[in-house]
Amino acid sequence: MAYIKWVFRLAVLFLVAGFLHYTLAQHDVVRIVNTYEERQELNDWTRVFWSSPDSQSASLTNRDVQFIQAVRPNGDAIVYRNEDTGWSWPPYFKFDTANLYTEANDAVSTKAAPEWVAIRHYGWRNEFLSIFPNAVSIKPVDAPDASFFPWWNISIFVILFGIFWGIRVRWVRFREMRIDPVLDEVGDSIADAGDSLAERRGHLQRWLGRGKG
């Protein structure tokens, strides 16, 4: 039973960690090399990895999506999508897709004369599933080794930890006041029933012994 509990806890922890890793913002320092627009089919389960802005119907099976092609300082290629999030999840309230597309085009540079930018985004890049992180903002930086302290992510973790701790404290109090006394009473009743049964069994054995004698 203990193994089942640990497997369940690890599965829940894995799901929560994956959800947070996908949703929370990250920063990539890259060099933008191109932008383009392409129609995407949204008729399978991978639709969950594409935005559903309020201005577009959830019943659409395809739509045009803007993309930003970039290169990391180590030479690896990375492609971002540029979609509004609107009022839906995740709550980035992004409505400036057109402006961001213009900023990306303005930041295009060559390998000989690179212009480095920090792209704030959420989501994952997976070539097999054809999913892309969604760019939220673009900010010029001075060097490819620029770094950012995740103030926002740390704040979210602190809030989530506070919520979790509050729920746990209340659950422990509820269990001590409501559940544990009931379990103790049930345990005492079972123990009393066992003692009574043992006593009756002893009486029966003694009676049978006298009968045999």
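Both Trp124 and Val48 are assigned to one and the same hydrophobic cluster, defined by single-linkage of ILVMFWY side chains at heavy-atom distances under 4.5 Å. Hydrophobic clustering, with ILVMFWY side chains joined whenever heavy atoms are under 4.5 angstrom apart, keeps Phe164 apart from Ile156. Cluster annotation: Val136 and Val141 are assigned to distinct hydrophobic clusters (Ile/Leu/Val/Met/Phe/Trp/Tyr, side-chain heavy-atom contacts under 4.5 Å, transitive). Leu13 and Phe157 fall into different hydrophobic clusters, where Ile, Leu, Val, Met, Phe, Trp and Tyr are joined by side-chain heavy atoms under 4.5 Å apart, directly or via other members. Val16 is connected to Trp152 through a chain of hydrophobic side-chain contacts under 4.5 Å among Ile, Leu, Val, Met, Phe, Trp and Tyr, so both are in one cluster.
Side-chain atoms of Arg125 come within 3.5 Å of backbone atoms of Ile131 as a donor-acceptor pair (strictly under, hydrogens ignored). Of the possible polar contacts, none joining the Asp28 side chain to the Val30 backbone as a donor-acceptor pair under 3.5 Å is found. Proximity of a side-chain donor or acceptor of Ser109 to a complementary backbone N or O of Pro114 within less than 3.5 Å is not detected. The closest donor-acceptor contact from the side chain of Asn126 to the backbone of Leu129 lies under 3.5 Å.
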Gln69/Tyr80 under side-chain contact (heavy atoms from CB on, under 4.5 Å): CA gap, chis, key distance, verdict: CA-CA 7 Å; Gln69 294 176 309; Tyr80 305 89; over 6 Å; no

Derivation and outcome, side chain to side chain donor-acceptor pair (under 3.5 Å), residues Asn134 and Tyr122: CA-CA 6 Å; Asn134 189 17; Tyr122 71 89; 3.1 Å; yes

Residues Trp87, Phe95; criterion ring pair (Phe, Tyr, Trp, His ring centres under 6.0 Å); working and verdict: CA-CA 9 Å; Trp87 299 98; Phe95 300 94; 5.5 Å; yes

Working for side-chain contact (heavy atoms from CB on, under 4.5 Å), residues Asp142 and Trp116: CA-CA 7 Å; Asp142 297 329; Trp116 300 102; over 6 Å; no

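In terms of heavy atoms, Ala107 sits closest to Val117 at CB-CG1, 4.0 Å. Considering all non-hydrogen atoms of both residues, Ser130 and Trp50 come closest at O-CZ2, 3.6 Å. Closest heavy-atom contact between Val29 and Ala143: CG1-O, 4.0 Å.
Taking CZ of Phe93 as the reference point, atom OG of Ser88 lies at 9.5 Å (rounded to 0.5 Å). Considering OG1 of Thr97 and CZ of Arg81, their distance stands at 10.5 Å, rounded to 0.5 Å. The CG atom of Leu100 sits 8.0 Å away from atom CD1 of Ile119, with the distance rounded to the nearest 0.5 Å. To the nearest 0.5 angstrom, Leu10 atom CG is 14.0 Å from Lys5 atom NZ. Taken to the nearest 0.5 Å, the CD atom of Glu103 stands 12.5 Å off from the OG1 atom of Thr35. Atom CD of residue Gln66 and atom CD of residue Gln40 lie 12.0 Å apart, to the nearest 0.5 angstrom.
Taking 4.5 Å as the limit, some side-chain heavy atom of Ile159 sits within range of a side-chain heavy atom of Ile163. A 4.5 Å side-chain heavy-atom check between Asn34 and Ile68 finds every atom pair outside the cut-off. In this structure the side chain of Phe49 never reaches within 4.5 angstrom of the side chain of Phe132, judged on heavy atoms. Side-chain contact between Ser147 and His27 is absent, with no heavy atoms from C-beta onward closer than 4.5 Å. Contact check for Asn62 versus Leu42: no side-chain heavy atoms found under the 4.5 Å cut-off. A heavy-atom distance below 4.5 Å is found between the side chains of Tyr92 and Arg120. Side-chain contact between Ile32 and Val71 is absent, with no heavy atoms from C-beta onward closer than 4.5 Å.
Within 6.0 Å of the CZ atom in Phe14, the count of heavy atoms belonging to other residues, nucleotides or ligands does not exceed 12. Within a 6.0 Å radius of OH in Tyr22, more than 12 heavy atoms belonging to other residues, nucleotides or ligands are found. Within 6.0 Å of CG on Asp76 lie more than 12 heavy atoms contributed by other residues, nucleotides or ligands. By the neighbour-count criterion of 12 heavy atoms within 6.0 Å, atom CZ of Arg39 is densely surrounded, having more than that number from other residues, nucleotides or ligands.
Within the cation-pi definition used here (under 6.0 Å to the ring centroid, within 45° of the axis), Arg9 qualifies as a partner of Trp6.
Under 3.5 Å, the side chains of Arg31 and Thr110 contain no donor-acceptor pair of N or O atoms.
Between Tyr36 and Phe67, the distance separating the two ring centers is shorter than 6.0 angstrom.
A salt bridge is absent between Asp84 and Lys94; no separation between the charged side-chain nitrogens and carboxylate oxygens falls under 4.0 Å. No salt bridge links Arg63 with Glu37; every basic N to acidic carboxylate O contact stays at or beyond 4.0 Å.
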